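Values reported hereafter were calculated over all heavy atoms of this structure, with side chains retained and with hydrogens, waters and symmetry mates removed. A note on names: the letters A, B, ... follow the listed sequences, proteins ahead of strands, and every chain is numbered from 1. Computed from a predicted structure; not experimentally measured.
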Amino acid sequence: MSALHDPVLDWYAAHARDLPWREPSASPWSVLVSELMLQQTPVARVLPVHTQWLERWPTPAHLAAEPSGEAVRAWGRLGYPRRALRLHAAAAAIVERYDGEVPDSYDELLTLPGVGDYTAAAVASFAFGRRHVVLDTNVRRVLGRVLAGREFPPTSVTRAEREEATEVLPDDEATAATWAVAVMELGALVCTAASPRCEDCPVREQCAWRAAGYPAYDGPPRRGQAWQGTDRQCRGRLMAVLRDSDGPVHRSRLDVAWPDADQRERCLASLSQDGLIMRKGDTFRL
DNA sequence: GATCCGTGGCA
DNA sequence: TTGCCAAGGAT
């Protein structure tokens with residue numbers, strides 16, 4: 001029994017946010033939808049979209065029955081719209097292979113589009129109470145600081161990280177599931193990336209990073225993501241035009257959205273290749 | 001393992 | 001003002 005468990009679990013019981021996908025009545029589908037939406041996207045932005053999504057498509061079958069373009073439009077401005085496509089494809093796979101029920105095992109979840117190691121472990125843990133190592137950016141940062149004394153975790157998950165996370169995972173299945181979400185919440189609310197609130201941390205007395213005097217990150221420089229003039233910006237502009245239009249959009253309206261013709265054509269081709277847009281003659285639509 | 005893939009709030 | 005970055009996945 002790690003000395004970290006009780007302080008973190010008690011802290012979570014007192015400070016956890018009330019989120020729709022954490023309600024006792026929340027379905028596994030609600031949890032899966034939330035996890036796809038939360039990939040690289042803040043909770044505050046996900047909340048309203050998740051609510052509307054579940055009202056419109058309360059089960060995987062409801063979503064699978066509609067064209068993927070409807071999912072992309074309902075995704076709104078969450079970003080990375082390919083996730084909407086993957087969620088739609090996941091719903092279809094759940095209907096076809098799992099009789100419309102979100103599977104409850106890590107291995108089965110991992111076969112779904114858009115579900116990788118993190119999401120499979122998270123859904124198995126949060127929705128079904130299974131015991132899994134759930135390694136997201138929050139958990140990695142918390143454990144990296146408390147156990148390894150480093151401000152930020154390595155670029156990619158190392159074997160040492162996974163072993164440490166496995167060692168501190170509670171043995172009891174139900175406790176492990178709560179632990180997983182509790183450590184994640186601690187990272188989201190207290191042990192944050194920019195300005196951690198260490199004075200509010202339940203495990204500050206056991207934190208290796210704190211004990212070492214908060215040494216600054218000394219690893220390889222983390223590359224920022226370029227934006228201005230990139231294909232990502234171009235694709236975003238084009239998608240915004242199509243998303244805000246009901247029917248097909250004539251090419252001329254996309255010309256205005258992105259003046260550089262070569263880049264615009266390249267992005268239209270890649271969006272089409274991704275399945276995010278459909279082309280018919282001189283018009284495009286979701 | 002390195003890259004690519006959106007968006008908008010914030011220090 | 002602008003770089004940073006927020007519950008990753010696919011290739």
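- If you check every strand for non-hydrogen atoms under 4.0 Å, Trp75(A) touches nothing.
- Here Leu19(A) lies in heavy-atom contact (under 4.0 Å) with a base.
- At the heavy-atom level, Arg266(A) lies nowhere under 4.0 Å from the strands shown.
- In this structure, CG of Leu271(A) is placed 10 Å from P of dC5(B), rounded to the nearest angstrom.
- Taking a cutoff of 4.0 Å between a charged side-chain nitrogen and a carboxylate oxygen, Glu35(A) and Arg83(A) do not qualify as a salt bridge.
- If you take CZ of Arg237(A) and C1' of dC5(B), they are 17 Å apart, rounded to a whole angstrom.
- Of the candidates dA7(C), dT7(B), dC5(B), the closest approach to any side-chain atom of Arg82(A) belongs to dC5(B).
- In this structure, of dA7(C), dC5(B), dG9(C), it is dC5(B) that holds the atom nearest to the side chain of Arg235(A).
- Residue Thr137(A) places its side chain closer to dG8(C) than to any other of dT7(B), dG8(C), dG1(B).
- You'll find the side chain of Leu38(A) reaches within 4.5 Å of the side chain of Trp21(A), heavy atoms only.
- Here, dA10(C) and dG1(B) have their C1' atoms 13 Å apart, quoted to the whole Å.
- Residue-level contact check: Arg45(A) touches the bases, meaning some heavy atom is under 4.0 Å from a base atom.
- One atom, CD of Gln263(A), and another, C1' of dC4(B), lie 14 Å apart when rounded to the nearest Å.
- Separating the CH2 atom of Trp179(A) from the C1' atom of dA7(C) is a distance of 17 Å, rounded to the nearest angstrom.
- At a threshold of 4.0 angstrom between heavy atoms, the contacts of Leu78(A) include nucleobase atoms, whether or not backbone atoms are also involved.
- Two residues are said to be in side-chain contact when any heavy atoms from C-beta on lie closer than 4.5 Å; Trp179(A) and Val8(A) meet this criterion.
- Residues Arg145(A) and Phe152(A) meet the side-chain proximity criterion, which asks for heavy atoms closer than 4.5 Å.
- Judged by distance alone with a 3.5 Å cut-off, no donor-acceptor contact links the side chain of Thr119(A) to the base of dG9(C).
- Listed candidates were dG6(B), dT7(B), dC5(B). Nearest to the side chain of Asp231(A) is dC5(B).
- Contacts of Gln233(A) with the nucleic acid, taken as non-hydrogen atoms under 4.0 Å apart, are absent.
- Rounded to an integer number of Å, the gap from CZ of Arg232(A) to P of dA10(C) is 17 Å.
- When each of His88(A), Gln52(A), Glu66(A), His62(A) is checked for a side-chain hydrogen bond (donor to acceptor under 3.5 Å, both in side chains) with Trp57(A), only Glu66(A) meets the rule.
- Place Asn138(A) and Leu112(A) on DNA chain C by their nearest nucleotides, and Asn138(A) ends up nearer the 5' end.
- Which of dG6(B), dA6(C), dC5(B) sits closest to the side chain of Pro42(A) comes down to dA6(C).
- Arg22(A) comes within 4.0 angstrom of a base, heavy atoms only.
- Atom CG of Leu38(A) is separated from atom C1' of dA7(C) by 5 Å (rounded to the nearest Å).
- Here Arg83(A) does not reach the OP1 or OP2 of dT7(B): none of its side-chain N or O atoms lies under 4.0 Å away.
- If you take CG of Leu238(A) and C1' of dT7(B), they are 15 Å apart, rounded to a whole angstrom.
- Spacing between dA7(C) and dC4(B) at atom P, rounded to whole Å, works out to 23 Å.
- Residue contacts for Gly79(A): at a heavy-atom cut-off of 4.0 Å it reaches a base atom on one of the strands shown.
- Heavy atoms of Ala122(A) sit nowhere under 4.0 angstrom from any nucleic acid atom.
- Set against dA6(C), dG9(C), dG8(B), the side chain of Gln40(A) has dA6(C) as its closest nucleotide.
- At a threshold of 4.5 Å between non-hydrogen side-chain atoms, the residues Trp75(A) and Val49(A) do not count as touching.
- The pair Glu161(A)-Arg150(A) fails the salt-bridge criterion, with no side-chain N (NZ, NE, NH1 or NH2) lying under 4.0 Å from an Asp/Glu carboxylate O.
- In this structure, Arg222(A) reaches the dC5(C) phosphate: one of its side-chain N or O atoms is under 4.0 Å from OP1 or OP2.
- dG6(B) sits 14 Å from dT11(C) when the P atoms are compared, rounded to a whole Å.
- With distances taken from any side-chain atom of Arg86(A) to the nucleotides dG9(C), dC5(B), dG6(B), the minimum falls on dG9(C).
- In terms of position along DNA chain B, the nucleotide closest to Asp274(A) lies nearer the 5' end than the nucleotide closest to the other residue of the pair Asp274(A) and Ala194(A).
- Rounded to whole angstrom, the span from the CZ atom of Arg197(A) across to the P atom of dA11(B) amounts to 13 Å.
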